[in-house]
Chemist: 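Sharing a structure below in structure tokens format, with a few things to ask.
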Amino acid sequence: MATLGDLERSIMERLWENHSPLSAADLKDELAHKTSAGKDLALTTMLTVLSRLERKGFVSRDRKVRPHLYFAVTTRADHTAELLQQVLGAEPDRATALAHFVGQVSPEEAETLRQLLTQRAVQLPEDSVATDG
Amino acid sequence: MLFASVTLAALAVLLAWPVPVLLAKAHWPTRSPGIALLLWQAIAISGGLSMIGSLVTFGLIPFGGSLLQGLAQLPQLLAEGPLPAGTGLIHIFALSSAALLAAHLVLNLIVTVTRTERQRRRHRSLVELLSTPLPDRPGAPIHIIDSPAPVAYCLPGARTVTVLSEGLVALLDPPQLEAVIAHERAHLRQQHHILLVAFQSWRSSLPWFPIATRAQVAVSLLVEILADDQSRRHTDAETLAGAIALVGSAETNALTTNATQFVESSAALASERSAVSMRVDRLVHPEPQLPLAERVLILVAAAVLLAVPLVLLLAS
């Protein structure tokens with residue numbers, strides 16, 4: 001059984017691939033073709049998930065036509081850029097306060113770290129010889 | 001009251017300038033990061049209490065009696081008067097400043113926490129759409145995002161998630177990846193995000209105070225060090241240091257070729273530089289933690305820092 005999260009993901013994949021807007025029924029058919037999970041989807045489930053995605057700001061719909069046609073607000077690449085911006089964001093007071101593994105470093109710092117790695121690569125075989133012997 | 005006010009003001013000044021500056025320069029916090037973190041918290045709380053407390057005790061001097069009595073009478077006297085004889089403009093000014101400062105700190109905390117929550121929710125929905133969970137992993141879920149930049153971070157909250165990028169998976173070998181995952185899970189387990197948000201708010205409320213800026217930079221480094229130490233329980237220092245150095249040296253390439261908007265100000269870079277080097281350095285050349293006596297001494301100092309403003313306020 002696919003979770004709502006999985007369903008949201010597959011719907012967005014379809015919308016990102018399709019450049020023209022799709023109705024909920026079109027989307028349901030496409031999902032039914034491409035994924036096994038889409039086979040026994042109810043149209044109401046599709047509508048629920050689509051309105052969730054609309055509320056989150058990922059999907060918009062053309063309300064002038066019946067049935068409503070849904071389309072992705074922006075490309076996948078744009079969303080990925082937004083996500084990375086939040087993680088690596090330049091402003092020091094970024095409110096997400098995410099603790100990420102290694103922040104950005106200056107080119108000089110990167111060079112120092114690289115030298116350190118090469119030194120260690122040279123040292124490592126000696127170490128392993130020593131432990132083997 | 002005057003004695004308490006002057007002592008609290010002196011304490012506030014000490015904790016706003018020389019103490020955080022000295023502690024930020026000290027080397028020992030990398031040896032005993034947990035204790036250093038406690039000391040930073042004691043400095044922040046004691047500093048805030050002293051600043052507000054000094055203004056309140058000064059403003060209440062004409063009211064006589066104890067601080068609590070003075071505070072209890074204050075609303076009625078302000079509304080209906082008459083104010084006690086000898087109440088000057090300067091006393092009213094001190095009381096108003098105390099109220100404003102307290103409100104400023106509390107409101108800023110509320111704003112920071114709310115904004116953080118909102119951004120995290122948005123971030124979580126982005127992660128859920130753009131990433132795939134790693135199947136068959138015990139523990140909190142790990143999501144992989146499709147990006148060449150090597151990044152790893154964790155999202156706290158009701159459903160915690162560790163996020164890694166394709167770039168990171170390609171860059172590191174499996175033991176190094178495990179070290180990174182252990183590092184991120186340590187952040188989640190030890191609830192580091194609460195400290196980070198608190199000091200973030202502290203910094204944005206008092207941006208011109210060393211107490212706040214240094215504290216925030218130091219606390220961000222200390223939580224990384226604590227997470228490194230947790231990660232080292234599962235892997236050796238060599239592997240973890242290698243992972244940090246690889247990610248640190250690779251990231252610039254990824255960023256300069258992809259996106260110039262990620263380039264940070266030189267000041268932020270400088271602090272990041274020393275932070276990454278320091279982490280690698282203490283893994284490669286490990287130092288023992290502080291001797292027990294010194295650790296106890298620092299803990300006692302932290303307790304005294306908290307007790308002094310409280311005792312002065314309650315006794316005055």
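Residue numbering restarts at 1 for every chain, and letters A, B, ... go by the order of the sequence lines.
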Chemist: Under 4.5 Å from any heavy atom of chain A, what part of V127(B) do you find: side chain, backbone, both or neither?
Modeler: both
Chemist: Check each atom of T80(A) against the heavy atoms of chain B and say whether the ones under 4.5 Å are side chain, backbone, both or neither.
Modeler: both
Chemist: Less than 4.5 Å to any heavy atom of chain A: does that hold for the side chain of S201(B), its backbone, both, or neither?
Modeler: neither
Chemist: Nearest 0.5 angstrom please: Q86(A) CD to R120(B) CZ, how far?
Modeler: 11.5 Å
Chemist: Between V113(B), V180(B), V223(B), which residue shows the highest count of heavy-atom pairs closer than 4.5 Å to chain A?
Modeler: V180(B)
Chemist: Check whether A241(B) gets within reach of chain A through its side chain, its backbone, both or neither, counting any heavy atom under 4.5 Å.
Modeler: neither
Chemist: For chain A, find which of V163(B), V284(B), T132(B), L168(B) contributes the most heavy-atom pairs closer than 4.5 angstrom.
Modeler: V284(B)
Chemist: If you compare all heavy atoms of A110(A) against all heavy atoms of G248(B), which two are closest, and at what distance to 0.1 Å?
Modeler: CB-O, 4.1 Å
Chemist: Shortest non-hydrogen contact from G242(B) to L117(A)?
Modeler: O-CD2, 4.1 Å
Chemist: Taking the side chain as every heavy atom from C-beta outward, state whether L130(B) and M12(A) have any atom pair closer than 4.5 Å.
Modeler: no
Chemist: Side chain from CB out, backbone as N, CA, C, O: work out which of these in H187(B) comes under 4.5 Å of a heavy atom of chain A, or both, or neither.
Modeler: side chain
Chemist: Kindly compute the distance separating CG (L83(A)) from CZ (R124(B)), expressed to the nearest 0.5 Å.
Modeler: 12.0 Å
Chemist: How many angstroms lie between atom CG of L116(A) and atom OG of S249(B), to the nearest 0.5 angstrom?
Modeler: 9.5 Å
Chemist: Should R76(A) and L129(B) count as side-chain neighbours, where that means a heavy-atom distance under 4.5 Å?
Modeler: no
Chemist: Any non-hydrogen side-chain atom of L126(B) less than 4.5 Å from a side-chain atom of K56(A)?
Modeler: no
Chemist: Checking E128(B) against chain A: side chain, backbone, both or neither under 4.5 Å from a heavy atom?
Modeler: both
Chemist: With only heavy atoms counted, which part of I11(A) is less than 4.5 Å from chain B, the side chain, the backbone, both or neither?
Modeler: neither
Chemist: Ring of F101(A), cation from R279(B) - is the NZ or CZ under 6.0 Å from the centre and inside 45° of the axis?
Modeler: yes
Chemist: For residues R9(A) and P133(B), report the shortest heavy-atom separation together with the two atoms involved.
Modeler: NH2-CD, 3.7 Å
Chemist: Taking C-beta and beyond as the side chain, do I145(B) and L84(A) meet within less than 4.5 Å on heavy atoms?
Modeler: yes
